[in-house]
2 protein chains.
Amino acid sequence: MTSADSVPPVRLLLADDEHLIRGALAALLALEDDLVVVAEAATGPEALAMARAHRPDVAVLDLQMPGADGVKVATSLRTELPGCRVLIVTSHGRPGHLKRALEAGVRGFVPKTVSAQRLAEIIRTVHAGNRYVDPELAADAISAGDSPLTERETEILEYAADGAPVAEIAERAALSQGTVRNYLSSAVSKLGAENRHAAVRLARERGWV
Amino acid sequence: MTSADSVPPVRLLLADDEHLIRGALAALLALEDDLVVVAEAATGPEALAMARAHRPDVAVLDLQMPGADGVKVATSLRTELPGCRVLIVTSHGRPGHLKRALEAGVRGFVPKTVSAQRLAEIIRTVHAGNRYVDPELAADAISAGDSPLTERETEILEYAADGAPVAEIAERAALSQGTVRNYLSSAVSKLGAENRHAAVRLARERGWV
DNA sequence: CACTCCCCATGACAAATGTCAGAACCGGAG
DNA sequence: CTCCGGTTCTGACATTTGTCATGGGGAGTG
């Protein structure tokens with residue numbers, strides 16, 4: 001399967017905030033002789049800087065990183081380095097994240113439960129210009145569907161996410177308290193939750209916040 | 001540094017639900033010739049079974065795993081295989097977890113941000129019978145201090161964690177609603193939170209739930 | 001142009017929640 | 001033995017939240 005001679009190797013950027021995983025991953029991928037890791041990063045901004053400097057063929061990004069998450073990095077990369085394919089790797093595959101990622105032009109989306117061999121194959125697939133989405137995550141995303149919440153409802157729910165009282169949410173959103181309660185109420189009923197806190201939890205699980 | 005001849009290698013059990021990381025870690029640790037990975041597991045119960053079957057010298061456990069978390073596994077291991085040292089590796093180092101881990105007889109506690117070389121050294125340290133706790137996590141744990149909550153307050157706060165209304169908590173805890181509200185109220189005031197949901201968040205951050 | 005959907009607001013009511021005082025029981029510390 | 005703190009309860013009260021009806025304005029569609 002691996003190329004024997006003149007084909008140039010796929011140049012990779014690896015971004016993950018966990019040094020242990022990043023290093024281990026780099027070591028494993030280096031075993032494949034058609035792949036070469038040309039840069040590593042621990043944060044979103046760092047990944048962006050590294051990408052600019054090294055112009056990799058494929059960027060393998062962790063979804064959760066300090067600074068800017070994988071999807072944000074992918075969005076920036078799309079305009080700055082259109083030739084660079086992006087592959088997102090994640091621990092917690094929330095359905096909504098997949099959708100956001102695909103909208104950001106990400107070419108691949110896989111959970112960290114795959115094996116290294118599998119990942120190497122997927123990197124090749126993505127590099128060849130194809131897409132790859134983990135079937136399990138895809139199924140979850142389809143069954144979860146789109147967020148039924150409007151923009152404002154989502155925004156208010158986000159403000160409510162850390163347990164802030166209505167008064168504080170209203171202030172932060174520059175709305176009246178009544179309006180905030182209306183939005184929360186409709187969000188709660190749309191999600192079929194018992195109260196707004198359960199609603200926050202549900203929306204989080206589905207990746208809608 | 002690595003042993004040249006007759007010293008038997010340290011036998012390791014690796015447990016992490018993320019195949020990618022577990023495999024990569026195994027590969028990296030295999031590079032050290034005084035370490036050998038004798039078993040791998042993806043869940044808590046599996047880790048326990050593997051430990052019984054292979055009797056490793058050191059168990060390297062992820063904190064969050066399906067089935068039973070690292071601390072629970074460590075507790076069981078302590079009685080079943082007293083000779084087996086336990087090292088916990090984690091992504092999100094919550095102060096309270098460290099304390100619980102140490103109480104469970106864990107010998108080492110490190111974040112996944114360390115490098116593989118460092119991890120190998122720490123494995124040797126732990127195997128030699130010493131303890132190792134990441135200085136950063138230790139500092140956090142000290143500054144966060146002990147939980148000010150009583151057992152019941154903690155229990156009720158846990159029931160409240162997923163946004164359940166008081167009536168439901170009362171039923172699940174077999175208490176009157178008034179009592180539940182009293183416990184919640186005192187927990188909220190002890191934590192200096194605005195309401196119980198913020199209290200839950202705070203307690204979570206500090207690892208007290 | 002009517003219709004619909006989202007945005008924003010108000011007011012009023014019902015339900016849930018937070019707070020407080022008081023009181024009984026139990027176990028451990030002094 | 002007495003005092004203290006944790007557990008459990010009740011009842012009462014103020015506050016917060018959830019729900020609903022109703023209204024106006026703007027954007028987009030048939």
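Everything numeric here is computed off the predicted structure, so don't read it as measured data. Numbers restart at 1 for each chain; the letters A, B, ... are given by sequence-line order, proteins then strands.
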Salt-bridge contact A:Glu121-A:Arg118 (side-chain N to carboxylate O under 4.0 Å): yes

Distance, rounded to the nearest Å, where B:Glu168 contributes CD and C:dA15 contributes P: 19 Å

Side-chain N or O of B:Thr179 closer than 4.0 Å to phosphate OP1/OP2 of D:dC9: yes

Nearest-angstrom distance from the residue atom CD of A:Gln177 to P of D:dT17: 8 Å

Salt bridge B:Arg22-B:Glu18, side-chain N to carboxylate O under 4.0 Å: no

B:Arg181 CZ - C:dA21 P separation (whole Å): 16 Å

Candidate pair A:Asp140 and A:Lys99, rule salt bridge (Lys or Arg N to Asp or Glu O under 4.0 Å), full reasoning: CA-CA 11 Å; A:Asp140 281 358; A:Lys99 189 162 182 296; over 6 Å; no

Close approaches to DNA chain C from residues 182-205 of chain A, in residue order (heavy atom, under 4.0 Å): A:Asn182, A:Tyr183

Test: A:Arg152 and A:Glu155 ion pair at under 4.0 Å: yes

A:Thr179 side chain to A:Ser176 side chain, donor-acceptor N/O pair below 3.5 angstrom: yes

Step-by-step salt bridge (Lys or Arg N to Asp or Glu O under 4.0 Å) determination, A:Glu205 to A:Arg94: CA-CA 6 Å; A:Glu205 273 171 23; A:Arg94 253 78 86 84; over 6 Å; no

Sub-4.0 Å heavy-atom contacts from residues 152-167 of chain A onto DNA chain D, ordered by number: A:Pro165, A:Val166

Phosphate OP1/OP2 of D:dG5: any B:Thr150 side-chain N/O under 4.0 Å: no

Minimum side-chain heavy-atom gap B:Lys112-A:Ile21 below 4.5 Å: yes

Check ion pair B:Asp57-B:Arg85 (N to O, under 4.0 angstrom): no

